[in-house]
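Naming convention: chains lettered A, B, ... in sequence-line order (proteins, then strands); numbering from 1 in each chain.
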Amino acid sequence: MSFAVKLMNWYREKGRDLPWRTTHDAYIIWLSEIILQQTRVEQGMPYFHRFVEAFPIVTKFAQADEEDILRLWQGLGYYSRARNMHKAAKMVMSDFQGTFPNTYGEAIRLPGVGEYTAAAIASFSANEPRAVVDGNVYRVLARYFGINEPINSIQGKRIFAEIAHDMLDKRNPGIYNQAIMDFGALQCKPKNPLCEDCIFRVECVAFQKGLVDMLPVKLKGKVSRNRYFHYFIVKEDDKILMSKRGQGDVWTNLYEFPMIETAEDISLSDLMAHADFVHYFDENTVLEVVGKQIKQVLSHQNIYARFFIIRDSRALKKKKKDWNYYFCEKIDKLAKHKLIFSFLEKNVHLISANTSVK
DNA sequence: AACGCGGGGGC
DNA sequence: GCCCCAGCGTT
């Protein structure tokens, strides 16, 4: 029996029942695939339901405000996915007459849709014979064939893409693609794979040679850097001073409190002597520390954050021309990053009664 | 070819 | 603490 047939037989019996597998609607499949990029199924699931309900058809998605999309996306990470989805939905309206493309060649033109996602959309919705190559597929193939070429080298990507295409069941690409990913997620897991109970125990090169734990090989990335954020909570009546982050850094277009960043952890007195602090606040400002320093780990940086309350809003120098902060009444309506919304959840008492926190 | 981009979970 | 997750876009 071929690899593909054994795999699909396994899938029929052990595969997961996932909501986006019951449709051939390219739009719904796209929605699920973008959400699941670098994201576990369990983590993405509630967001999938949220988005399907808010935007049942691509027209609704295209008509939404980016702010609303980001707010629905809040907490999921890699926010460029949400911004690109909005661009893609608008492109579907302008370039595809509102019909979501279901071919690889068309889908891959959409921002945020790369080789993996285009293959997923085309194979799941239209049964186009395109092999998906995601983390699961790299792992299954690397172990099955005993390939030690790094999966994140250019050479490796090419090799694995070719093998994936060779192995694909050209008659049932949709089912096959679902099957190999589920197999990677449930059976051929990164840690403690279920080799003793595996249908490929005999053919799997890694298992026969005892190399399962060594494969796949992946080149290491750079070490994380440390950043120190000092957030200021400034209230005026029931409004809180907020600002929107710009491009070229983490959390593009998301909201947060006014902030000073330093390369090192600094003392309170050094903070108050900081040029930006002097720029925005009176020298006699009283800072009240809220809680302990929070560490937020991103995949490529460690962010250490402290929060300060400034109770006297007169401390703020309001006549600056480069004013890019504004007092916001309903901060629950803003899309915020984790550092901010988890702080707000823990410090509801700091926010006035008529300002709800989500 | 390398890097930046979140947040969560397994071990 | 390290690795991985239904990756993609930019440089």
Side-chain angles (χ1 to χ4, degrees), chain A residues 15-16 18-21 29-48 70 73-85 87-88 107-121 123-124 130-140 142 150-158 160-161 164 174 177-186 188-193 213-225 227 245 247-254 295-303 335-342:
Chain A
R16 288 174 290 191
L18 300 173
W20 44 87
R21 285 179 172 169
I29 292 167
W30 165 76
L31 214 50
S32 71
E33 291 302 335
I34 302 295
I35 287 172
L36 293 174
Q37 285 170 7
Q38 293 293 287
T39 304
R40 292 168 189 280
V41 166
E42 311 82 68
Q43 188 187 358
M45 188 80 75
Y47 288 86
F48 172 75
L70 280 173
W73 197 269
Q74 177 174 292
L76 195 55
Y78 284 160
Y79 297 89
S80 65
R81 291 183 289 173
R83 299 192 305 273
N84 281 333
M85 280 179 105
K87 291 180 195 162
I108 203 164
R109 290 171 47 195
L110 301 172
V113 175
E115 290 178 15
Y116 163 78
T117 306
I121 293 171
S123 65
F124 299 157
R130 297 279 184 171
V132 295
V133 187
D134 74 331
N136 293 304
V137 176
Y138 280 122
R139 187 169 54 257
V140 172
I151 62 173
N152 53 345
S153 68
I154 298 296
Q155 176 89 333
K157 287 178 190 170
R158 188 175 53 73
F160 281 95
N177 279 335
Q178 302 277 16
I180 194 168
M181 289 195 289
D182 253 16
F183 187 79
L186 303 176
C188 196
K189 300 182 293 177
K191 302 285 183 189
N192 303 325
D213 292 337
M214 319 289 291
L215 297 173
V217 174
K218 191 174 183 181
L219 270 26
K220 295 197 192 309
K222 279 186 24 173
V223 296
S224 298
R225 64 183 170 124
R227 305 174 72 177
R245 291 182 66 88
Q247 296 178 25
D249 199 352
V250 292
W251 302 318
T252 297
N253 291 1
L254 268 61
K295 182 182 182 185
Q296 170 75 14
V297 179
L298 309 187
S299 51
H300 45 284
Q301 49 189 280
N302 303 312
I303 293 171
K336 302 165 287 288
H337 56 81
K338 182 177 182 206
L339 218 36
I340 301 301
F341 71 68
S342 63

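- Regarding contacts with the backbone of C/dG7, a side-chain N or O of A/Gln38 is found under 4.0 angstrom from either OP1 or OP2.
- When the C1' atom is used for both B/dG7 and C/dT10, the distance is 22 Å, rounded to whole Å.
- Partner of A/Tyr79 under the side chain to side chain contact (heavy atoms under 4.5 Å, CB included) criterion, out of A/Val250, A/Leu70, A/Asn253: A/Leu70 alone.
- Distance from the side chain of A/Lys222 is smallest for B/dC3 among the nucleotides C/dA6, C/dG1, B/dC3.
- Rounded to an integer number of Å, the gap from A/Met214 CE to C/dC4 P is 13 Å.
- Between A/Tyr138 and A/Phe160, the ring-plane angle classifies as perpendicular under the 30° and 60° cut-offs.
- For the pair A/Gln301 and B/dC5, the criterion of a side-chain N or O lying under 4.0 Å from OP1 or OP2 is met.
- Residue A/Val132 is out of contact with every strand shown, counting any heavy-atom pair closer than 4.0 Å.
- Checking the phosphate oxygens (OP1, OP2) of C/dA6, no side-chain nitrogen or oxygen of A/Trp20 falls inside 4.0 Å.
- Each of A/Arg40 and A/Leu110 was assigned the nucleotide of DNA chain C with the nearest heavy atom; the assignment lying further toward the 5' end belongs to A/Arg40.
- Within 4.0 Å (heavy atoms only), A/Lys87 reaches no atom of the nucleic acid at all.
- The nearest whole Å value for the distance from the CD atom in A/Gln43 to the C1' atom in B/dG8 is 5 Å.
- Nucleotide C/dC3 holds its P atom 12 Å from the CG atom of A/Asn152, rounded to whole Å.
- Following rounding to the nearest Å, A/Lys157 (NZ) and B/dA1 (P) show an atom-to-atom distance of 9 Å.
- What separates CG of A/Asn253 from P of B/dG6 is a distance of 11 Å, to the nearest Å.
- Taking every side-chain heavy atom of A/Lys338 into account, B/dG7 is the closest of B/dG7, B/dC3, C/dA6.
- Across A/Val133 and A/Ala161, no two heavy atoms sit closer than the pair CG2-CA, 4.2 Å.
- For A/Thr117, taking side-chain heavy atoms from C-beta onward, the closest of the listed nucleotides C/dA6, C/dG7, B/dG8 is C/dG7.
- Between A/Asn136 and A/Val113, the one whose closest nucleotide on DNA chain C sits nearer the 5' end is A/Asn136.
- Judged purely by atom type and a 3.5 angstrom limit, A/Asn177 uses its side chain to pair as donor or acceptor with the backbone of A/Arg130.
- Each of A/Ser80 and A/Leu219 was assigned the nucleotide of DNA chain B with the nearest heavy atom; the assignment lying further toward the 5' end belongs to A/Leu219.
- Across all strands shown, B/dG6 has no partner, as no Watson-Crick or G-U wobble contact with both distances under 3.5 Å is found.
- Between A/Arg139 and A/Asp134, none of the side-chain N atoms (NZ, or NE/NH1/NH2) sits under 4.0 Å from a carboxylate O, so this pair counts as no salt bridge.
- Pairing each heavy atom of A/Ile29 with each of A/Ile121, the nearest pair is CG2-CA, 4.0 Å.
- For the P atom pair drawn from B/dC3 and C/dC3, the interatomic distance equals 16 Å after rounding to whole Å.
- Residue contacts shown for A/Ile34 are absent, as no nucleic acid heavy atom lies under 4.0 Å away.
- For the OP1/OP2 pair of C/dC5 and a distance below 4.0 Å, the side-chain nitrogens and oxygens of A/Lys189 include no atom meeting the criterion.
- Contact annotation for A/Leu18: base contact, defined as any heavy-atom pair under 4.0 Å involving a base atom.
- Of all nucleotides listed (B/dC5, B/dG7, C/dA6), B/dG7 comes nearest to the side chain of A/Gln296.
- Using a 4.0 Å heavy-atom cutoff across all strands shown, A/Leu298 reaches sugar-phosphate atoms only and no base atom.
- At whole-Å resolution of the value, CD1 in A/Ile180 and P in C/dA6 are 13 Å apart.
- For the pairing with A/Glu33, the side chain to side chain contact (heavy atoms under 4.5 Å, CB included) check across A/Val132, A/Thr117, A/Val113 returns one residue only, A/Thr117.
- The nearest whole Å value for the distance from the CG atom in A/Asp134 to the P atom in C/dC5 is 8 Å.
- Checking B/dG6, B/dA1, B/dC5 against every side-chain atom of A/Asp249, the shortest atom distance belongs to B/dC5.
- Counting any heavy atom pair closer than 4.0 Å across all strands shown, A/Arg21 reaches a base atom.
- OP1 or OP2 of B/dC5 lies within a sub-4.0 Å distance of a side-chain N or O belonging to A/His300.
- The nearest pair of heavy atoms linking A/Pro193 to A/Lys189 is CB-O, 3.6 Å.
- C/dA6 sits 23 Å from B/dC5 when the P atoms are compared, rounded to a whole Å.
- Residue-level contact check: A/Gly75 touches the backbone only, with heavy atoms under 4.0 Å from sugar-phosphate atoms and none from bases.
- In this entry the distance linking NE2 of A/His337 with C1' of B/dG4 reads 17 Å, nearest Å.
- When heavy atoms are screened at a 4.0 angstrom cut-off, A/Arg16 is found touching base atoms of the nucleic acid.
- No contact: A/Val137 has no heavy atom under 4.0 Å from any strand.
- The same atom, P, is picked in B/dG6 and in C/dT11; the two are 16 Å apart, to the nearest Å.
- Rounded to whole Å, the separation between the P atoms of C/dG9 and B/dG8 comes to 24 Å.
- The residue among A/Tyr79 and A/Asn192 whose nearest nucleotide of DNA chain B lies closer to the 5′ end is A/Tyr79.
- In this model, the phosphate group of C/dC5 is approached by a side-chain N or O of A/Arg139 to a distance below 4.0 Å at OP1 or OP2.
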